[in-house]
Engineer: 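Let me begin by handing over the structure; questions about it come next.
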Amino acid sequence: MTMKLSIPVPPNFSFKRTVFSHGWCDLAPFDIDQRKWVLKRVIDLGRGRAVTVAIREQKNRITVTADGPLGKRDSANVARDVRHMLRLDDDLTSFYEIVSRDSGFEWIADSGAGRLLRSPTVFEDLVKTIATTNCSWALTDKMVSSLVAALGRSAGDGARAFPTPEAMARESEIFYRNEVRAGYRAPFLKELAERVASGEMDVESWLKSELPTSELKREMKRVKGVGDYAAENMLRFIGRYDGFAFDSWVRAKFARTRNGGRKASDKKIARYYSRFAPWQGLVFWCDMTRDWLENETVANW
DNA sequence: GCGTCCAGGTCTACC
DNA sequence: GGTAGACCTGGACGC
């Protein structure tokens with residue numbers, strides 16, 4: 001017996017643009033079937049249980065199918081997580097107004113881009129973001145897959161959820177070096193998991209923080225392994241888009257697509273998108289990833 | 001086969 | 001507040 005939920009979507013919502021908004025859909029415990037456009041995801045329900053859900057778009061609604069029966073409370077939690085992951089409750093009205101007025105950027109509103117896929121928890125996004133720093137995407141994939149395989153709660157089909165802070169805190173630094181292949185990030189991951197599991201640091205509260213962005217960014221950078229790029233990437237996940245999260249990939253892409261193949265300074269890039277404030281970071285990211293779905297493939301990653 | 005470079009950067013020490 | 005040098009890993013590249 002399976003459980004099925006149906007969730008309405010906001011105007012301008014694009015399932016494909018949201019799922020392929022950046023690399024997360026390709027990292028465990030997400031799993032994208034690009035041919036059928038089904039996003040699978042293992043959700044940790046707590047109390048020792050996890051469930052695999054299949055998320056798809058049908059007739060302007062999102063349907064979520066769980067591989068097994070779910071009680072009322074679990075169903076509500078799955079629906080909440082799906083809304084959170086797909087950013088269904090984000091209000092992008094003024095973002096779409098701004099890009100619609102700008103020739104060459106209307107496509108963003110027309111195609112419903114701008115909702116950046118995120119994980120059910122800030123903790124997961126934070127660990128993954130640290131795992132993207134100073135390494136190839138292949139290594140990020142390896143680190144995250146190893147974490148999930150070793151520590152994630154198992155769903156009925158054998159797939160695993162993302163590990164909880166508690167599960168991660170129990171492991172040694174050696175584990176993060178030898179099993180996860182996290183290298184010098186090993187102590188960072190261990191320390192982060194301990195601080196979150198002990199309650200010393202409440203990263204989930206960043207979602208509702210009233211701090212000015214500059215202060216919240218400073219708070220994020222108190223996490224070892226989180227610098228400007230990682231903090232600004234995390235800020236995007238909580239809906240603040242004035243930072244650019246510069247990394248080697250976007251710098252190269254800007255040079256290629258907007259600067260005649262020549263390197264551009266971060267200042268120049270920031271100036272280029274400054275008219276879109278306070279959405280400049282999101283316009284920048286959409287601009288850099290416009291071609292990802294031109295043929296509905298991610299061949300240009 | 002081996003050395004070097006560098007990926008979706010950050011930390012520390014020192015100015 | 002700004003910057004050199006170190007840092008794990010593993011794939012790509014030149015020789």
Engineer: Using the C1' atoms only, state how far dC11(B) lies from dG10(C), rounded to an integer number of Å.
Structural biologist: 22 Å
Engineer: Side chain of W137(A): nearest nucleotide among dC11(B), dG8(B), dG9(B)?
Structural biologist: dG8(B)
Engineer: Ignoring backbone atoms, establish whether R181(A) has a side-chain N or O less than 4.0 Å from OP1 or OP2 of dG10(C).
Structural biologist: yes
Engineer: Dump the intermediate steps for salt bridge (charged side-chain N to carboxylate O under 4.0 Å, His left out) on E166(A) and R170(A), then the final yes or no.
Structural biologist: CA-CA 6 Å; E166(A) 292 74 20; R170(A) 281 194 290 272; over 6 Å; no
Engineer: Tell me the interatomic distance from Y229(A), atom OH, to dA7(B), atom C1', rounded to whole angstroms.
Structural biologist: 11 Å
Engineer: Do we see W249(A) stacking on the base of dA7(B), given a limit of 5.5 Å between centres and 30° between planes?
Structural biologist: no
Engineer: Out of dG8(B), dT10(B), dG10(C), which nucleotide sits closest to the side chain of T133(A)?
Structural biologist: dT10(B)
Engineer: Please report the distance separating the C1' of dC5(B) from the corresponding atom of dG9(B), rounded so that it comes out in whole Å.
Structural biologist: 16 Å
Engineer: Nearest to the N134(A) side chain among dG10(C), dC7(C), dG8(B), which nucleotide is it?
Structural biologist: dC7(C)
Engineer: Does dA13(B) have a Watson-Crick or wobble mate here (both distances under 3.5 Å), and if so which one?
Structural biologist: dT3(C)
Engineer: What nucleic acid atoms does V250(A) come within less than 4.0 Å of, heavy atoms only: base, sugar-phosphate, or nothing?
Structural biologist: nothing
Engineer: Name the nucleic acid region contacted by V180(A), choosing base, sugar-phosphate or nothing; use a 4.0 angstrom heavy-atom cut-off, strictly under.
Structural biologist: nothing
Engineer: Can any side-chain N or O of K190(A) pair as donor or acceptor with the backbone N or O of E171(A) at less than 3.5 Å?
Structural biologist: yes
Engineer: Heavy-atom nearest nucleotide on DNA chain B for D228(A) versus S136(A): which residue maps closer to 5'?
Structural biologist: S136(A)
Engineer: Measure CG/N233(A) against P/dA7(B) and give the value in whole Å, please.
Structural biologist: 18 Å
Engineer: Between D26(A) (CG) and dG8(B) (C1'), how many Å, whole number?
Structural biologist: 13 Å
Engineer: Please classify the nucleic acid contact of A230(A) as base, sugar-phosphate, or nothing, using heavy-atom distances under 4.0 Å.
Structural biologist: sugar-phosphate
Engineer: Expressed as a whole number of angstroms, how long is the span from I269(A):CD1 to dG8(B):C1'?
Structural biologist: 13 Å
Engineer: Is there a donor-acceptor contact under 3.5 Å from the side chain of R41(A) to the main chain of D31(A)?
Structural biologist: no
Engineer: What's the closest nucleotide to the R185(A) side chain, out of dT10(B), dC8(C), dG10(C)?
Structural biologist: dC8(C)
Engineer: Choosing from dG10(C), dG9(B), dC11(B), which nucleotide comes nearest the side chain of K142(A)?
Structural biologist: dG10(C)
Engineer: Which residue, F105(A), F95(A), W285(A), Y241(A), forms the ring-ring contact (aromatic ring centres under 6.0 Å, His included) with F276(A)?
Structural biologist: F105(A)
Engineer: Given the P atoms of dA6(C) and dC6(B), what is the spacing between them in whole Å?
Structural biologist: 16 Å
Engineer: Round to a whole Å and report the spacing from CE of M143(A) to C1' of dG11(C).
Structural biologist: 14 Å
Engineer: Report the residue (K224(A) or Y184(A)) whose heavy-atom-nearest nucleotide on DNA chain B is the more 5′ of the two.
Structural biologist: Y184(A)
Engineer: Is a donor on one side and an acceptor on the other found under 3.5 Å between the side chain of E232(A) and the backbone of G243(A)?
Structural biologist: no
Engineer: When you compare dC8(C) with dA7(B), how far apart are their C1' atoms, in angstrom units rounded to a whole number?
Structural biologist: 13 Å
Engineer: Taking CG from D247(A) and P from dG9(B), how many angstroms apart are they, rounded to a whole number?
Structural biologist: 5 Å
Engineer: Between R49(A) and D44(A), is there a salt bridge with N-O shorter than 4.0 Å?
Structural biologist: no
Engineer: Atom OH of Y176(A) and atom P of dT9(C): how far apart are they, to the nearest Å?
Structural biologist: 16 Å
Engineer: Output the rounded distance in Å from CZ (F188(A)) to C1' (dC11(B)).
Structural biologist: 6 Å
